[in-house]
Structures are given as structure tokens and as C-alpha cells.
Amino acid sequence: KRVQVVLTTGTFLRGVIHMGPKNWPAGRMGEQASVGLANTLDQHGFPLGRMATSTPPRLDKTTIDFSQLEPQHSDDPPVCMSFETDFRKLPNVSEQRLLPCHLTWTSPQTE
């Protein structure tokens, strides 16, 4: 008999926050990383991986000249991570509330 378990730990499993040149173990918003669980799984031979959350830095939009940036608009209609999710039923998501991302470069060489 084979038993399979999917353990979805989010970003907490050996979670690390990077802020500039500094980094430290953490979850979100001051919560702790799940280091003990990660160590136990590792000791029992379970492979551990990490996927980037690609969380962008938080910026004050009043300090940015968006006319100098290249907009990247959301999918139309929005696409959810699960095929079972209907974005129209989510309380805080609507096509009218979607905001674009914006591309910028540090120099002409990085374009």
C-alpha cells in the first residue's frame, strides 16, 4: 500500500526574507519560518525545494513618474492559479480594480 502526502508549506518552510544586503529566517509580516519542520523532513530524506515568489519591492507610487515606464497590463480576463477558481466570485478582485505592472531599467545597457 502506497501513501502519498502533499505538504503545502507556502513560503514558511525554511523561509528567508531578503532586504537589501541583509537576510534572515522569517515567514511573512514578522512571523517565524518553519525551520524545525524543514530540518525534520530533510533528516528523513525528503527533497526540499524552493520556488521564488517574485514578490516585488514595495514602492510609494507618489514618488514614481509612470510616464517614463512601460506598462504591463493584467491578463484580460484575469487568470487564477487554479482552474476551479472563478475570479468574478472573489471579493477583492474585479477587472475594474486590476492595476498594471510597469517595467523600468537601471541603464540603457540593461534594456
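Here, residue 1 is the first one in the sequence, and each next residue gets the next number.
Between L48 and L13 the shortest side-chain heavy-atom distance falls below 4.5 Å. At a threshold of 4.5 Å between non-hydrogen side-chain atoms, the residues N39 and R14 count as touching. Residues Q72 and P100 have side chains not in contact (no heavy-atom distance under 4.5 Å, counting atoms from C-beta outward). Contact of the V16 side chain with the W24 side chain is not registered, since no non-hydrogen atoms from C-beta on lie closer than 4.5 Å.
Residues D60 and T62 approach most closely at OD1-OG1, 2.7 Å, considering heavy atoms. Of all heavy-atom pairs spanning P71 and H102, the tightest one is CA-CD2, 3.7 Å.
Around the CZ atom of F66, the shell of radius 6.0 Å holds more than 12 heavy atoms that belong to other residues, nucleotides or ligands.
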Could you go step by step and tell me if N23 and I17 meet the side chain to side chain contact (heavy atoms under 4.5 Å, CB included) rule?
-> CA-CA 5 Å; N23 59 63; I17 288 183; over 6 Å; no
